[in-house]
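Reviewing the structure listed below.
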Amino acid sequence: MRTLSDFYQSVFGCKAYKLSLDAGCTCPNRDGTKGRGGCIFCSERGSGDFASGGAKPVAEQITQAKALVEKKLRGRSGTRTGVYIAYFQNFTATYGDPARLIALYRQALSQEGVAGLAVATRPDCVSDEILAALAEIARTHFVQIELGLQTSNEATGTLINRCYTNTDYADAVRRIRAAAPNIHIVTHLIFGLPGETERDMLESVRFVVQANGGACSWGIKLTSLYVVTGTVLCRMYEEGRVQVLEKAAYFSLVKQALALLPENCVVHRLTGDPPKRTLVAPLWAADKKRVLNELRALL
């Protein structure tokens with residue numbers, strides 16, 4: 001496996017910083033196309049709690065996101081040089097009018113310092129038109145597509161209301177590879193989903209490894225399930241129907257998961273970054289820096 005910093009260094013020859021953006025999309029399990037309410041762990045802001053908001057022009061969002069990056073880096077000597085990746089993170093960033101979305105992607109890439117594009121989506125929402133446009137962009141720019149699988153356990157998938165299947169995921173990976181082999185596919189997995197055993201979680205890792213076999217490089221994001229206010233999951237947690245992982249249990253799972261990854265897999269994330277103002281549990285997840293330091297020491 002490879003670290004993310006090493007991977008981006010190999011692609012850009014320098015550091016790369018992701019700018020969280022909002023394309024103003026929703027999801028098919030929110031608008032009634034496939035379901036209502038979204039995934040049980042998803043807040044009203046979707047997964048883009050740190051994005052500026054889809055009502056703002058892309059250029060304005062990028063300016064604000066750059067300022068946030070600079071604020072985080074302030075005082076760190078020698079870390080401000082690098083390029084930016086425009087990261088359409090919120091909700092399903094390929095879901096909607098293809099012409100409008102493609103225009104947003106290109107607008108983002110036209111901004112100063114932006115050298116790559118990352119698009120977060122669902123496996124069932126990668127249309128032929130969107131994929132063709134991303135394949136075209138990939139001829140001249142780095143393109144990363146992030147697919148939210150979360151689990152390979154179909155029963156859990158139904159419970160969390162994701163409204164797509166493992167077949168949708170495998171098909172999306174196949175189609176993306178066929179359209180543009182150089183597009184970097186990143187898969188999201190969540191450990192600690194309701195009712196899942198250690199075996200279930202590690203089986204999800206194995207499923208992703210198998211689906212991405214043969215690719216030059218691909219990536220994975222791991223996080224523990226966390227509960228935020230205003231979600232179906234929060235209500236389930238308050239009613240005692242859901243438990244969250246203790247830190248030691250999560251660390252053990254991460255260590256076992258990493259042992260399953262091949263050399264061509266890039267590890268993009270070892271823990272999530274829940275918004276502190278709305279986090280209910282587990283509270284240990286609030287201190288991302290400390291969690292990462294402890295994980296690195298363990299590994």
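The first residue of the sequence shown is numbered 1, and numbering continues consecutively from there. The structure displayed is predicted, hence computed values, not measured ones.
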Residue pair Gln64, Leu68: steps toward the side-chain contact (heavy atoms from CB on, under 4.5 Å) verdict: CA-CA 6 Å; Gln64 293 180 354; Leu68 286 175; 6.0 Å; no

CA sep, side-chain torsions, deciding dist, call: Ser152, Glu203, side-chain hydrogen bond (donor to acceptor under 3.5 Å, both in side chains): CA-CA 7 Å; Ser152 65; Glu203 188 57 38; 5.7 Å; no

Verdict with reasoning, Phe142 to Leu117, per side-chain contact (heavy atoms from CB on, under 4.5 Å): CA-CA 6 Å; Phe142 171 78; Leu117 175 70; over 6 Å; no

Stepwise salt bridge (charged side-chain N to carboxylate O under 4.0 Å, His left out) test for Asp168 and Arg122: CA-CA 9 Å; Asp168 291 323; Arg122 297 159 49 102; over 6 Å; no

Trace of the side-chain contact (heavy atoms from CB on, under 4.5 Å) decision for Gln144 with Ile183: CA-CA 6 Å; Gln144 177 173 307; Ile183 288 179; over 6 Å; no

Chi angles and distances behind the salt bridge (charged side-chain N to carboxylate O under 4.0 Å, His left out) call for Arg36, Asp31: CA-CA 6 Å; Arg36 293 286 184 185; Asp31 67 6; over 6 Å; no

Residues Ser224, Ile190; criterion side-chain contact (heavy atoms from CB on, under 4.5 Å); working and verdict: CA-CA 6 Å; Ser224 173; Ile190 298 175; over 6 Å; no

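Residues Phe88 and Leu101 fail the side-chain proximity criterion, which asks for heavy atoms closer than 4.5 Å. Counting only heavy atoms from C-beta outward, the side chains of Phe191 and Leu222 approach each other to under 4.5 Å. Under the 4.5 Å side-chain criterion, counting only non-hydrogen atoms from C-beta, His141 is not in contact with Arg106. Using a 4.5 Å heavy-atom threshold, the side chains of Tyr226 and Leu279 count as touching. Using a 4.5 Å heavy-atom cutoff, the side chains of Tyr105 and Thr94 are in contact. Counting heavy atoms from C-beta outward, Phe251 and Thr271 have side chains that stay 4.5 Å or more apart. Side-chain contact between Met201 and Leu189 is absent, with no heavy atoms from C-beta onward closer than 4.5 Å. A 4.5 Å side-chain heavy-atom check between Asn182 and Arg139 finds every atom pair outside the cut-off.
A donor-acceptor pair under 3.5 Å links the side-chain atoms of Ser110 to the main chain of Gln107, judged by distance alone. One N or O on the side chain of Arg100 and one on the backbone of Ala23 form a donor-acceptor pair closer than 3.5 Å. No donor-acceptor distance shorter than 3.5 angstrom exists from the side chain of Thr121 to the backbone of Leu147, with no hydrogens or angles considered. A distance-only check finds a donor-acceptor pair linking the side chain of Lys276 to the backbone of Ala286 [under 3.5 Å]. Between the side chain of Thr33 and the backbone N or O of Asn29, no donor-acceptor pair lies under 3.5 Å. At distances below 3.5 Å, at least one donor-acceptor pair connects side-chain atoms of Thr3 with backbone N or O atoms of Asp6. Using modelled atom types, no side-chain atom of Asn293 and backbone atom of Arg290 make a donor-acceptor pair closer than 3.5 Å.
Here the closest non-hydrogen pair linking Asn264 and Ala215 is ND2-O, 2.6 Å. Minimum interatomic distance between Thr151 and Gly157 (heavy atoms only, all atoms of both residues): CG2-N, 4.0 Å. Between Leu202 and Leu260, the shortest heavy-atom distance links the atoms O-CD1, 3.9 Å. Closest heavy-atom contact between Asp124 and Cys163: OD2-O, 3.7 Å. Closest heavy-atom contact between Cys27 and Tyr95: C-CE2, 3.6 Å. Looking at every heavy atom in both residues, Cys42 comes nearest to Thr231 through O-CG2, 3.5 Å.
Separation of atoms OG1 (Thr223) and NZ (Lys221) is listed at 10.0 Å; rounding is to 0.5 Å. A distance of 8.5 Å separates CG of Leu258 from SG of Cys265, quoted to the nearest 0.5 Å. With values rounded to the nearest 0.5 angstrom, Arg206 atom CZ is found 11.0 Å from Leu261 atom CG. Interatomic distance, CD1 of Ile102 versus CG of Leu134, reported as 7.5 Å (0.5 Å rounding). To the nearest 0.5 angstrom, Lys288 atom NZ is 9.5 Å from Leu270 atom CG. Going from atom CG of Leu104 over to atom CD of Gln61 covers 8.5 Å, rounded to the nearest 0.5 Å.
Partner His184 forms a side chain to side chain contact (heavy atoms under 4.5 Å, CB included) with one of Val143, Val266, Ile145 and no other, that one being Val266. Under the side chain to side chain donor-acceptor pair (under 3.5 Å) test applied with His188, the options His268, Glu146, Gln150 reduce to a single match, Glu146. When each of Glu239, Glu238, Gln243 is tested with Arg241 by the rule side chain to side chain donor-acceptor pair (under 3.5 Å), just one qualifies, namely Glu239.
Checked by atom type, the side-chain pair Ser5/Gln9 shows no donor-acceptor distance below 3.5 Å. Side-chain contact check for Thr92 and Arg30: no donor-acceptor pair (N or O, by modelled atom type) lies under 3.5 Å.
Grouping the Ile, Leu, Val, Met, Phe, Trp and Tyr side chains by contacts below 4.5 angstrom, directly or via other members, places Ile160 with Val280. Note on Tyr250: it does not cluster hydrophobically with Leu233, by side-chain heavy-atom contacts below 4.5 Å among ILVMFWY residues. Tyr8 and Leu19 fall into different hydrophobic clusters, defined by Ile, Leu, Val, Met, Phe, Trp and Tyr side-chain heavy atoms under 4.5 Å apart, directly or through other members. In the hydrophobic cluster analysis, where Ile, Leu, Val, Met, Phe, Trp and Tyr join through side-chain heavy atoms closer than 4.5 angstrom, Val232 is grouped apart from Leu159. Hydrophobic clustering of Ile, Leu, Val, Met, Phe, Trp and Tyr side chains at less than 4.5 Å, counting indirect connections, keeps Ile130 apart from Tyr87.
Salt bridge absent: Lys66 and Glu70 never bring a charged side-chain N and a carboxylate O closer than 4.0 Å. Under 4.0 Å is where a charged nitrogen must lie from a carboxylate oxygen, and between Asp22 and Lys56 no such pair does. Taking a cutoff of 4.0 Å between a charged side-chain nitrogen and a carboxylate oxygen, Arg162 and Glu154 qualify as a salt bridge.
Relative ring orientation between Tyr84 and Tyr17 is described as tilted, the plane-to-plane angle lying within the 30° to 60° band. The aromatic rings of Tyr169 and Phe207 lie tilted to each other, with the angle between the two planes from 30° to 60°.
Counting non-hydrogen atoms of other residues, nucleotides and ligands closer than 6.0 Å to CD of Gln256 gives a total above 12.
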